[in-house]
Amino acid sequence: MNAQDAANRARSAISAMVALGSPPPELTVLVTETLNALAPLSESNAAASCQDATSDPCAEAVDQIDEAASTLVEVLDKWAPYIRPESASPAAARL
């Protein structure tokens, strides 16, 4: 996946989460954290910055994406208790 794909997927994820409406109270903080973690990816300008892949703006944009992705992974890990146990089964893992 390239930077533009990551930005597009982050925008789609934000739209989908917002379309679900208000989350249950016990998920409000986690949903907010997830949306906040997706925001830097959705706002990435790496595609424009990396017209010259060797430029400093490109390197900075890639670094920002790496940091944002790392933060997003940490937040997504917090969803583990809410994922159905069946999805963690060996059969589901092979899908």
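Side chains are part of it too, since the values below use all heavy atoms of this structure and drop only hydrogens, waters and symmetry mates.
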Rounded at 0.5 Å granularity, tell me how far CZ in Arg11 sits from CG in Leu41.
10.0 Å
Please give me the minimum heavy-atom distance between [X] and [Y], naming the atom from each residue.
{"X": "Pro23", "Y": "Leu27", "answer": "CB-CB, 4.2 Å"}
{"X": "Ser49", "Y": "Pro57", "answer": "CB-O, 3.8 Å"}
{"X": "Ala68", "Y": "Pro40", "answer": "CB-CB, 3.8 Å"}

Side chains of Arg9 and Leu38 in contact at under 4.5 Å (non-hydrogen atoms)
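The answer is no; the side chains never approach within 4.5 Å.
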Which residue pairs pass the side-chain hydrogen bond (donor to acceptor under 3.5 Å, both in side chains) test when at least one of the two sits in residues 15-42, sequence neighbours left out?
Glu33-Lys78, Thr34-Trp79
Mind jotting down which residue pairs meet the side-chain hydrogen bond (donor to acceptor under 3.5 Å, both in side chains) criterion with at least one end in residues 63-73? Sequence neighbours excluded, please.
none
Tyr82-Met17 co-clustered via ILVMFWY side chain contacts under 4.5 Å:
yes
Verify the cluster assignment for Val18 and Leu72: are they in a single hydrophobic cluster under the rule of side-chain heavy atoms below 4.5 Å apart?
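Linked within one cluster.
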Can you list every pair that meets disulfide (SG to SG under 2.5 Å) and has a residue in residues 12-62, with sequence neighbours left out?
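Residue pairs passing disulfide (SG to SG under 2.5 Å), neighbours aside: Cys50-Cys58.
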What residues, two or more places apart in sequence or in another chain, satisfy side chain to side chain contact (heavy atoms under 4.5 Å, CB included) together with Asp77?
Val73
